[in-house]
Protein chains: 2
Amino acid sequence: MNVLELTLNNCRETEASCTDRVSAMPLQSGLKLLNDFPSGQGLRPWSSLREICTLLNVQPVKDPQLCNQVFQHVLVKSGEQVHAIGQRFEMLYLVNSGFLKTISLSDGGQEVVLKFPMKGDLLGVDGIDGQRYACEAVALSDCDLIMLPFHKLALLGREYSELENLIYCMISRELVRGQMQIGMYSGLNAEARVARFLAALAERFGQLGYSSKSFNLRMSRREMGSYLGLTLETISRTLSALHAMGIINVSRRSVDIIDVAGLRTLRRIPPSYLNARDELRKRLH
Amino acid sequence: MNVLELTLNNCRETEASCTDRVSAMPLQSGLKLLNDFPSGQGLRPWSSLREICTLLNVQPVKDPQLCNQVFQHVLVKSGEQVHAIGQRFEMLYLVNSGFLKTISLSDGGQEVVLKFPMKGDLLGVDGIDGQRYACEAVALSDCDLIMLPFHKLALLGREYSELENLIYCMISRELVRGQMQIGMYSGLNAEARVARFLAALAERFGQLGYSSKSFNLRMSRREMGSYLGLTLETISRTLSALHAMGIINVSRRSVDIIDVAGLRTLRRIPPSYLNARDELRKRLH
DNA sequence: CGGTCGATTGAGGTAACTCAAGTGCGGTGG
DNA sequence: CCACCGCACTTGAGTTACCTCAATCGACCG
């Protein structure tokens with residue numbers, strides 16, 4: 001049984017097992033396998049493990065048979081859900097293109113944004129232990145995801161130690177990124193958080209070959225605030241202040257970075273840029 | 001080559017490779033292997049994989065040869081470092097007894113507490129990708145850790161799919177716990193955070209067979225604050241207020257839980273319990 | 001063209017921070 | 001044994017950074 005058969009097989013399994021899923025999956029059924037799509041758009045329905053390694057930014061696996069194994073893609077439209085909290089875990093998803101958010105529910109039932117996965121990031125790792133996804137993934141733009149059926153992946157990993165190690169690294173990396181987030185933003189005020197966030201986003205875009213100077217935010221102010229532990233109004237105000245300082249240009253969701261170094265090192269914004277009011281109040285006292 | 005040889009061998013390797021470590025390891029050299037210790041204290045220098053499964057709260061591996069494989073312990077004294085940030089990764093550590101903290105450095109060089117690992121928790125998973133630990137682990141009490149040389153573990157995992165799956169689950173679990181933390185505490189005010197934290201701690205102690213009603217905090221107010229994103233003064237005030245409400249008794253680091261349900265559901269503390277001052281000011285207005 | 005939704009901006013309130021003064025305990029040394 | 005010191009914690013008072021509520025604006029969409 002070759003891998004192509006394995007993956008196709010697995011897709012059928014996925015479809016078949018939809019009925020026994022615990023949580024509602026309003027959009028899951030709308031997911032399209034890429035080979036259902038009209039060809040000739042430059043999109044292919046599967047990627048080789050070699051390509052996957054490139055995407056993950058790791059040494060490509062050397063074994064010739066292994067690195068030609070292929071994995072199927074899936075297209076997710078903007079706003080659609082990739083997986084829900086509590087849904088039975090079967091797949092890891094590797095982002096080939098597009099922009100997403102992962103969320104969990106806070107105590108009050110409010111959604112909390114955990115990450116903004118993009119090209120090269122892995123979704124679903126939190127489902128391995130417990131066999132159910134612990135968070136929900138939603139596409140914030142049309143996305144092209146590579147499906148990695150975990151069971152099959154592990155099976156292959158057993159034969160190829162190279163691949164096994166790759167899997168360990170992928171998972172560990174996700175964990176490290178979560179830790180970095182906490183470390184990075186704790187102890188920073190609102191302005192610095194937003195500034196670092198933009199700088200990190202710009203750097204990431206740059207690494208992926210897009211412009212690091214000029215890009216569109218794919219998330220709403222509310223989502224950004226949730227991710228950074230701030231309210232949407234604070235985000236809006238801070239962006240305006242960074243604009244007023246001449247560090248960025250921002251209009252709605254389009255952002256131009258003027259002074260990257262400034263973004264990275266900013267600690268606090270002089271009150272004059274934030275709001276005339278605050279300064280006035282201080283003088284009155 | 002049996003596993004006992006493997007692990008002992010690895011320990012020698014660890015000692016030998018101390019010189020090429022990147023970061024300072026002031027205390028690492030003071031770590032003692034358990035078989036250096038006087039026997040007859042009920043402590044054994046190694047644990048079998050069967051025991052490790054119990055500790056991890058997973059189905060014990062069934063293969064008779066595999067589950068009798070043993071792993072060596074290491075004792076870490078309170079205040080000592082288990083591993084440093086940037087130190088070369090070789091080991092996972094499974095906590096057999098004791099209480100620790102893991103920290104990373106915030107932007108300003110301040111330490112940020114990420115977790116408080118205890119019995120059954122795994123340390124070092126963040127080192128797999130990149131081959132260097134991404135955080136620092138410090139013992140907050142005398143600790144008994146089981147050393148799991150990752151390379152050897154992976155080697156064994158390749159032969160025994162059961163074990164391999166176990167490794168994946170262990171790592172994934174660490175990730176999920178990190179996510180839960182973010183989800184749990186975001187959107188809660190200081191009082192609720194402290195209350196949930198105590199409730200979670202109590203529950204954890206209970207699961208481990210200790211008293212869930214009465215225990216000692218092993219961390220300082222500052223460390224607790226760092227973990228919860230609050231200052232030490234806020235922690236202190238909140239504990240006092242919870243005491244005043246009759247939900248807990250607290251004196252220095254010893255805590256008695258009086259009303260667990262209250263802790264879990266608390267949203268805000270009536271001003272009167274917090275400080276007479278605030279209420280007075282309101283009435284004056 | 002109205003309706004909806006996201007973003008901006010303003011005004012005021014407040015939760016948590018900062019700074020500072022005390023308190024109590026545990027260790028050390030006379 | 002007591003006196004001293006250091007450290008973690010407590011408590012107080014004032015400040016402030018961020019939140020909340022509310023009005024407005026603009027883009028998009030049927």
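Quick caveat, the model's predicted, so the values are computed rather than measured. Note on naming: letters A, B, ... go to the chains in the order of the sequence lines (proteins, then strands), and numbering restarts at 1 for each one.
Pairs of residues two or more places apart, or lying in two chains, never qualify as salt bridge (Lys or Arg N to Asp or Glu O under 4.0 Å) while including a residue from residues 246-258 of chain A. Among pairs with a residue in residues 98-114 of chain A, those fulfilling salt bridge (Lys or Arg N to Asp or Glu O under 4.0 Å) read A:Lys101-A:Glu111, A:Lys101-A:Glu223, A:Asp107-B:Arg196, A:Asp107-B:Arg267, at least two apart in sequence or across chains.
Contacts of A:Gly229 with the nucleic acid, taken as non-hydrogen atoms under 4.0 Å apart, involve only primed sugar atoms and P, OP1 or OP2.
One atom, CG of A:Leu228, and another, C1' of D:dA17, lie 16 Å apart when rounded to the nearest Å. With rounding to whole Å, A:Leu230 atom CG is found 11 Å from D:dT20 atom P. One interatomic measurement links the two molecules: CG of B:Leu140 to P of D:dA8, which rounds to 13 Å at whole-angstrom precision. Taking atom CG of B:Asn189 as the reference point, atom C1' of D:dC18 lies 14 Å away to the nearest angstrom. If you measure from atom CE of B:Met224 to atom C1' of D:dT10, you get 14 Å, rounded to the nearest angstrom.
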Start with the C-alpha gap between A:Ile182 and B:Leu114, add the side-chain angles, then the distance that decides, and say whether side chain to side chain contact (heavy atoms under 4.5 Å, CB included) holds.
CA-CA 8 Å; A:Ile182 300 174; B:Leu114 299 172; 4.0 Å; yes

Would A:Glu233 and A:Arg221 satisfy salt bridge (Lys or Arg N to Asp or Glu O under 4.0 Å), going step by step from the backbone distance to the final call?
CA-CA 8 Å; A:Glu233 292 98 329; A:Arg221 300 289 191 263; over 6 Å; no

Scan nucleotides 4-9 of chain C nucleotide by nucleotide, 5' to 3', and note B when protein non-hydrogen atoms come under 4.0 Å of the base, S if they reach only the sugar-phosphate, - if neither.
--SSBB

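Using a 4.5 Å heavy-atom cutoff, the side chains of B:Val260 and B:Glu203 are not in contact.
Side-chain polar atoms of B:Thr231 and B:Thr234 form a donor-acceptor pair below 3.5 angstrom.
For the ring pair (Phe, Tyr, Trp, His ring centres under 6.0 Å) test, no residue two or more places apart in sequence or in another chain qualifies with B:Tyr185. Checked against side chain to side chain donor-acceptor pair (under 3.5 Å), B:Arg177 has the following partners two or more places apart in sequence or in another chain: B:Asp121.
Comparing the end axes of the helix from C:dC1-D:dG30 to C:dG30-D:dC1, each fitted to five base pairs by superposing C1' atoms of four pairs onto the next four, gives an inter-axis angle of 30° (nearest 10 degrees).
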